[in-house]
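Note that these values count all heavy atoms, side chains included, but never hydrogens, waters or copies made by symmetry.
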Amino acid sequence: RQFEHLGTTRDLTATMNLFRVSTTNQTLKLANAGMPAPLMFRYGQAQPDPIQAAGVYVGSGYSHYKVEPALATEKIHTGDLIVAYSDGVIEARNESGNPWGVGGLSSQVMRYHDADVEDIAKKIIEGVANHSGTELPQDDQCAVVIRIGNNAERRRENSAPTIDVA
């Protein structure tokens, strides 16, 4: 209804990830509406895991696709890093037509894993620009980085982790 003043709402869509993080229960819950699967970089693990939640874009998505929405629930631990991103990040192409992909994103995050979340988010967008050879994106590009705890908390046993988000 918010878009009705713009005219037809039939073609208006929106995508999103909705996170609920509980440091008390050490869980992350994700609802996904048409976004790429966020990546979980577990502390000490070599490769990230996608966080899969079922859902299609907001708007008329459910009238076009037969998808039953489903939450994803993950255990979280101090040192884990979660990265949510728009499709424009992984679909950015270089002059040869090759996409940056989840591989490019993962490599960039692992390279700067111990940096502040704000710096990691900036490095992701810089990596996309370097790959595509332009600072003007071909599509929307955003990245949200969530760190569970910090380096000091990682060394302490049984401490409730904090959350940093950029």
Side-chain angles (χ1 to χ4, degrees), residues 1-3 9 11-43 45-93 99-129 131-132 137-150 160-166:
R1 293 186 179 172
Q2 295 295 321
F3 295 115
T9 59
D11 297 325
L12 294 177
T13 61
T15 61
M16 68 172 205
N17 279 315
L18 177 65
F19 292 95
R20 181 174 185 180
V21 180
S22 170
T23 56
T24 305
N25 297 329
Q26 293 188 299
T27 57
L28 173 141
K29 292 187 179 194
L30 167 69
N32 185 327
M35 293 289 289
L39 299 175
M40 171 77 79
F41 293 82
R42 298 211 179 268
Y43 180 70
Q45 183 175 308
Q47 294 294 317
D49 294 320
I51 305 171
Q52 300 286 353
V56 297
Y57 59 88
V58 178
S60 59
Y62 286 101
S63 66
H64 295 294
Y65 302 100
K66 301 292 184 216
V67 176
E68 188 66 32
L71 289 175
T73 302
E74 295 282 338
K75 287 300 271 180
I76 55 172
H77 305 283
T78 298
D80 290 347
L81 197 67
I82 299 103
V83 178
Y85 51 93
S86 64
D87 60 352
V89 169
I90 58 172
E91 293 173 359
R93 297 182 181 280
W100 198 46
V102 172
L105 171 63
S106 298
S107 294
Q108 191 78 338
V109 172
M110 289 186 289
R111 186 174 300 119
Y112 297 101
H113 187 276
D114 290 328
D116 291 336
V117 291
E118 294 89 358
D119 292 334
I120 296 171
K122 287 177 187 172
K123 292 296 184 182
I124 290 170
I125 301 305
E126 286 175 12
V128 175
H131 174 79
S132 64
Q138 302 154 349
D139 192 2
D140 61 298
Q141 296 175 352
C142 69
V144 176
V145 180
I146 303 168
R147 181 185 312 280
I148 308 301
N150 58 40
T162 59
I163 303 170
D164 291 332
V165 180

**OP:** Compare every heavy atom of V89 with every heavy atom of C142, then report the nearest pair and how far apart it is.
**Re:** O-CG2, 3.5 Å
Original post:
Looking at K29, Q52, R42, which one forms a side chain to side chain donor-acceptor pair (under 3.5 Å) with E74?
Top reply: R42
Original post:
Heavy atoms, side chains only, cut-off 4.5 Å: are H77 and Y43 in contact?
Top reply: no
Original post:
Quick one: does W100's side chain get under 4.5 Å of L105's, heavy atoms only?
Top reply: yes
**OP:** Measure the CG-CD distance between D80 and Q45 for me, rounded to the nearest 0.5 Å.
**Re:** 8.5 Å
Original post:
Does a side-chain heavy-atom distance below 4.5 Å link M40 with K75?
Top reply: no
Original post:
Do D87 and D140 come close enough that some side-chain heavy atom pair is under 4.5 Å?
Top reply: yes
Original post:
Which heavy atom of I76 sits nearest a heavy atom of T27, and at what distance?
Top reply: CG1-N, 3.6 Å
Original post:
Does the Q108 side chain pair with the main chain of K123, one donor and one acceptor, at a distance under 3.5 Å?
Top reply: yes
**OP:** Identify the two heavy atoms, one from T78 and one from G149, that lie closest to each other, and give their separation to 0.1 Å.
**Re:** CG2-CA, 4.1 Å
**OP:** Work out which heavy atom in T15 is nearest to a heavy atom in G34; give both atom names and the distance.
**Re:** CG2-O, 3.7 Å
Original post:
Under 6.0 Å from the CZ atom of R20, do we count more than 12 heavy atoms belonging to anything else shown?
Top reply: no
Subject >> Atom of Q141, atom of S86 and distance for their closest heavy-atom approach >> reply: CA-OG, 3.3 Å
Original post:
How about I124 and V145: do any of their side-chain heavy atoms sit closer than 4.5 Å?
Top reply: yes
Original post:
Can you list the residues that meet the side-chain contact (heavy atoms from CB on, under 4.5 Å) rule with A72, with sequence neighbours excluded?
Top reply: L30, I51, A53
Original post:
Do the side chains of Y85 and L39 get nearer than 4.5 Å, heavy atoms only?
Top reply: yes
Original post:
Side chains of F19 and I82: closer than 4.5 Å at any heavy-atom pair?
Top reply: yes
Subject >> Derivation of the side chain to side chain contact (heavy atoms under 4.5 Å, CB included) call for I120 and R147 >> reply: CA-CA 10 Å; I120 296 171; R147 181 185 312 280; 3.5 Å; yes
**OP:** Output, in order, the C-alpha distance, side-chain angles, deciding distance and verdict of side chain to side chain contact (heavy atoms under 4.5 Å, CB included) for Y112 and D119.
**Re:** CA-CA 8 Å; Y112 297 101; D119 292 334; over 6 Å; no
Original post:
Is a side-chain N or O of N32 found less than 3.5 angstrom from the main chain of M35, in a donor-acceptor match?
Top reply: yes
